[in-house]
Structure formats: C-alpha cells, structure tokens
Amino acid sequence: MGDLLSKPGDRRARLRALLDSGEPVLAPGAYDALSARLIEQAGFDAAYMTGFGSTAGLLGRPDVGLLGGAEMAAHAARLADAVDLPLIADADTGYGNPVNVIRTVRDYERAGVAALHLEDQVMPKRCGHMAGKQVVPAGEMAAKIRAAVDARSDPDLLVIARTDAAAVDGLDAAIDRARRFADAGADLLFVEAPTSEAHIEQVATALQGHKLVFNWAEGGRTPPLSRGRLAELGFALVLFPIGTLLAATAAMGEFLRVLRTDGTPAAMLDRLGGVDPFAELVGLGEIRELEQRYRD
C-alpha cells in the first residue's frame, strides 16, 4: 500500500514484466485516490486512471473533453502517490499537437504513471463508446506518438496508441492506423470499440506480435470476453474503466435511500461493517503512529 513514507519500487519496470508474462494484466478503473487504494487492497497488479471516471468524479459530467491536460496530470499524481501499483493513465488526445504532447508526457511522467494512452480523436474528444467521434489524419497522430516516445526520459514509461477510427472509417482503417502507430514507436496498441467477437478476433489476428489493449468497457459497444479467451487472442492489458464507479454510485445511492427513509445511517453502517475498514484503508493507524513518532 502506498503509505505516506513508502518509497514505491520501479513500477514501470514491474508493469513491463507483467505485460511480458503471457497473461493479460487486469487494470480496474480508478477515478480517485481512494478507489485506487481499494483496487490495490483487492490484490490487483495495476490500476487504470479512467478518463470517464475522472471526469465524472471531478466534474460530475460526461467524458467529452471537459478536463484539460494540467487537471488530468495533477489527478494522475494524486492517484500514483496513493498506491504502490503501476498506474496506467488516460491522456486523451495529448491536449494538442506534437509539441503539446511533449509537455503532456513529461507532466504524466513526473506524476509517476507507468503508462499512458493517447488517442487519435479530434479535440474536444468523446468517450470511446459514444457516438459522434471524429479522428485526426493518421499521419498527424503518428507524429504525436513519435513526440511522446521522444519526450519520455524513462524508457520504461509505456506509450499506448489508441485509435477510435473503427467507428468512423471502419475496422480495417483502424488496424492500418494501429500499424502506423507501432511503426512510430508505440509500445502497446489499443483499437477502441470493436463491436463483435469476430471484430475482436480480427484485431488480434491482424496485429499479432504486438502488445494489445482490450477495453472491457462496462455497458459499452464491445462485447465482453472472458480472461481466458482474451489470453488466447494475445491481449496483454485489459482495462475495466467504469465498473468501480458504477459500483460506488450504486452503493452511495442505496446509502442515501436508507438515510432518507430511516432518518439515520445506522442500518447501512451495520451492513457495511462500520467505519473500521475505511479507517484502515485510508491509513488512520499510520497517521497516529507518525504523529506519535514526531511528537517524541
């Protein structure tokens, strides 16, 4: 757990090793520092800073490009500081042209992320499973990937190239773009929103030999596949962007319903086991120990 005085190990090298293991790395979506700590407590090997969840958590709004690069980098820093897990972070379009991408990559690297993904949508972008997306020319995006690779000072920082072109120009065009982004230096390829298992298999076959990302977008356009099937197809990283947010929203809604009905949170607190698990999660005991140490 990322305690206040902990010094996390080399999370980037750890993530690279995990991705080389032959088994898909599962990365649930973290929308804030507390959810990142819950993911770590549950025993996952990586967490994913979801753009959809971050926008919902910070603004209470949909993922339509409302957050800027500085806000997202600062959010990534808070999440990375809270845990010892490798953090994979949504960097949207890089927030501009290749020069802007250079700043974005350096900001995210300083924030402590182990990997970031850039997408080829126009600004303002939209959630990958929303209608109405548009993409920039493939050459423009390839230049942004080259800039991202050149900008990193740590070669273990992973650059993930995402294309949303399948919904705009068809799956073949998206696969062609992914190949171009690999040639530009991307470490992982992310073809967003294939709409059938046949399309998922087509992506995996056409891009065999590359490390691939599967977006298990809960309620999205892509059909869910089992971890075993994704391993067979050769996917290295599986993102679960909004399940944690949906679960938290449902639990909070139920808590508020009980409070509104009963006039007291007692019944819900009993069901949740009281406040002790929360106090442990946020490190209340550690704070008390540190206070005592520096008081002495």
Side-chain angles (χ1 to χ4, degrees), residues 1-3 6-30 33 36-37 39-40 43-51 69 72-95 98 100-119 141-163 178-190 207 209-215 231 234-240:
M1 188 70 74
D3 295 324
S6 67
K7 296 177 175 61
D10 194 339
R11 293 178 283 189
R12 292 170 187 151
R14 240 191 294 155
L15 181 58
R16 281 186 177 269
L18 287 166
L19 293 169
D20 287 336
S21 70
E23 286 294 319
V25 176
L26 307 184
R37 289 179 75 89
I39 290 164
E40 185 171 46
F44 286 90
D45 292 319
Y48 171 56
M49 189 188 87
T50 156
M72 288 288 280
H75 196 50
R78 287 188 289 271
L79 270 62
D81 192 53
V83 295
D84 188 37
L85 291 180
L87 181 68
I88 301 142
D90 186 346
D92 295 319
T93 65
Y95 311 104
N100 300 108
V101 166
I102 290 171
R103 184 190 176 198
T104 296
V105 170
R106 290 183 173 172
D107 285 350
Y108 272 63
E109 187 172 13
R110 281 192 296 270
V113 307
L116 59 89
H117 69 71
L118 300 165
E119 63 199 55
M141 181 62 182
K144 291 165 76 166
I145 296 299
R146 289 196 302 273
V149 171
D150 290 344
R152 61 187 176 189
S153 58
D154 183 351
D156 278 334
L157 175 67
L158 292 164
V159 174
I160 303 169
R162 168 177 144 178
T163 177
R179 290 195 183 103
R180 290 191 64 172
F181 304 159
D183 290 342
D187 299 292
L188 287 91
L189 304 178
F190 179 175
L207 299 175
H210 298 286
K211 286 187 172 63
L212 303 179
V213 178
F214 182 82
N215 194 18
F235 285 91
L237 175 62
V238 183
L239 307 176
F240 298 87

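Bear in mind that the values here come from a model prediction, so they are computed numbers and not experimental data. What you see below is based on every heavy atom in this structure, not just the backbone, and it leaves out hydrogens, waters and symmetry mates.
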Colleague: Which value, rounded to the nearest 0.5 Å, describes the distance between Thr104 atom OG1 and Leu118 atom CG?
Modeller: 7.5 Å

Colleague: If you compare all heavy atoms of Glu23 against all heavy atoms of Ala231, which two are closest, and at what distance to 0.1 Å?
Modeller: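 Nearest pair, atom of Glu23 first, then Ala231: OE1-CB, 4.5 Å.
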
Colleague: OG1/Thr50 to NE2/His75 distance, rounded to the nearest 0.5 angstrom?
Modeller: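 NE2 of His75 is found 9.0 Å from OG1 of Thr50.
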
Colleague: Nearest heavy-atom pair of Ala111 and Ala73: which atoms, and what distance?
Modeller: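 That would be CB-O, 3.7 Å.
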
Colleague: Side chain to side chain contact (heavy atoms under 4.5 Å, CB included) with Ala182: which residues, sequence neighbours excluded?
Modeller: Leu189, His210

Colleague: If you count every heavy atom of other residues, nucleotides or ligands that lies below 6.0 Å from Arg106 atom CZ, does the total exceed 12?
Modeller: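 Result for CZ/Arg106: open.
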
Colleague: Would Arg180 and Met141 satisfy side chain to side chain contact (heavy atoms under 4.5 Å, CB included), going step by step from the backbone distance to the final call?
Modeller: CA-CA 9 Å; Arg180 290 191 64 172; Met141 181 62 182; over 6 Å; no

Colleague: Hey, does the side chain of Lys211 reach the backbone of Ile160 with a donor-acceptor pair shorter than 3.5 angstrom?
Modeller: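 Looks like no, no N/O pair under 3.5 Å.
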
Colleague: Is there a side chain to side chain contact (heavy atoms under 4.5 Å, CB included) between Leu239 and Val213 once you walk through the steps?
Modeller: CA-CA 8 Å; Leu239 307 176; Val213 178; 3.9 Å; yes

Colleague: What is the minimum heavy-atom distance between Ala47 and Ala27, and which atoms define it?
Modeller: C-CB, 4.2 Å

Colleague: Please step through side chain to side chain contact (heavy atoms under 4.5 Å, CB included) for the pair Leu188 and Leu212, ending with a clear verdict.
Modeller: CA-CA 6 Å; Leu188 287 91; Leu212 303 179; over 6 Å; no

Colleague: Would you find more than 12 non-hydrogen atoms of other residues, nucleotides or ligands less than 6.0 Å from Arg103 atom CZ?
Modeller: no

Colleague: Flag the pair Arg152 / Val159 as yes when at least one side-chain heavy-atom distance between them is below 4.5 Å, and no otherwise.
Modeller: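 In short, these two side chains touch, coming nearer than 4.5 Å.
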
Colleague: Write down the atom of Val149, the atom of Gly185, and the distance for their closest heavy-atom approach.
Modeller: CG2-O, 3.5 Å

Colleague: With heavy-atom distances below 4.5 Å as the criterion, would you say the side chains of Asp154 and Arg12 are in contact?
Modeller: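 SC-SC contact between Asp154 and Arg12 confirmed.
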
Colleague: Quick one: do Asp187 and Arg16 satisfy salt bridge (Lys or Arg N to Asp or Glu O under 4.0 Å)? Show the steps, please.
Modeller: CA-CA 10 Å; Asp187 299 292; Arg16 281 186 177 269; 3.6 Å; yes

Colleague: As an exercise, state the distance from CG of Leu19 to CG of Leu237, rounded to the nearest 0.5 Å.
Modeller: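 Rounded to the nearest 0.5 Å, the CG-CG separation comes to 6.0 Å.
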
Colleague: Between atom CZ of Phe181 and atom CZ of Arg162, what is the distance when rounded to the nearest 0.5 Å?
Modeller: 11.5 Å

Colleague: Would you say the side chain of Glu109 lies within less than 4.5 Å of the side chain of Ser153, judging by non-hydrogen atoms?
Modeller: yes

Colleague: Would the distance check show the side chain of Tyr108 and the main-chain N or O of Asp90 forming a donor-acceptor pair, the cut-off being under 3.5 Å?
Modeller: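 A pair under 3.5 Å: yes.
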
Colleague: What's the shortest heavy-atom distance between Ala46 and Pro28, and which atoms?
Modeller: O-CD, 3.6 Å

Colleague: Do Arg11 and Leu85 have side chains that approach each other closer than 4.5 Å (heavy atoms only, starting at C-beta)?
Modeller: no

Colleague: Nearest 0.5 Å please: distance from the CE atom of Met49 over to the CG atom of Leu79.
Modeller: 7.0 Å

Colleague: Do Phe190 and Asn215 pass the side chain to side chain contact (heavy atoms under 4.5 Å, CB included) test, and can you show the C-alpha distance, the side-chain angles, and the key distance before you say yes or no?
Modeller: CA-CA 8 Å; Phe190 179 175; Asn215 194 18; 3.7 Å; yes

Colleague: Can you tell me how far the CG atom of Leu15 sits from the CG atom of Leu87, to the nearest 0.5 Å?
Modeller: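 Output value for this atom pair is 10.0 Å.
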
Colleague: Is there a side-chain contact between Tyr48 and Ile39 in this structure, where contact means two heavy atoms from C-beta onward sitting under 4.5 Å apart?
Modeller: no

Colleague: Indicate yes or no: does Arg110 engage Asp107 in a salt bridge with an N to O separation below 4.0 Å.
Modeller: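 Salt bridge: yes.
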
Colleague: If I compare all heavy atoms of Arg146 with all of Ala184, which pair ends up nearest, and what's the gap?
Modeller: CG-O, 3.5 Å

Colleague: Taking atom types as modelled and ignoring hydrogens, do the side chains of Glu119 and Thr163 form a donor-acceptor contact shorter than 3.5 angstrom?
Modeller: no

Colleague: Does Asp84 pair with Arg14 as a salt bridge, N-O distance under 4.0 Å?
Modeller: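 Here Asp84 pairs with Arg14 in a salt bridge, since their nearest N and O are under 4.0 Å apart.
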
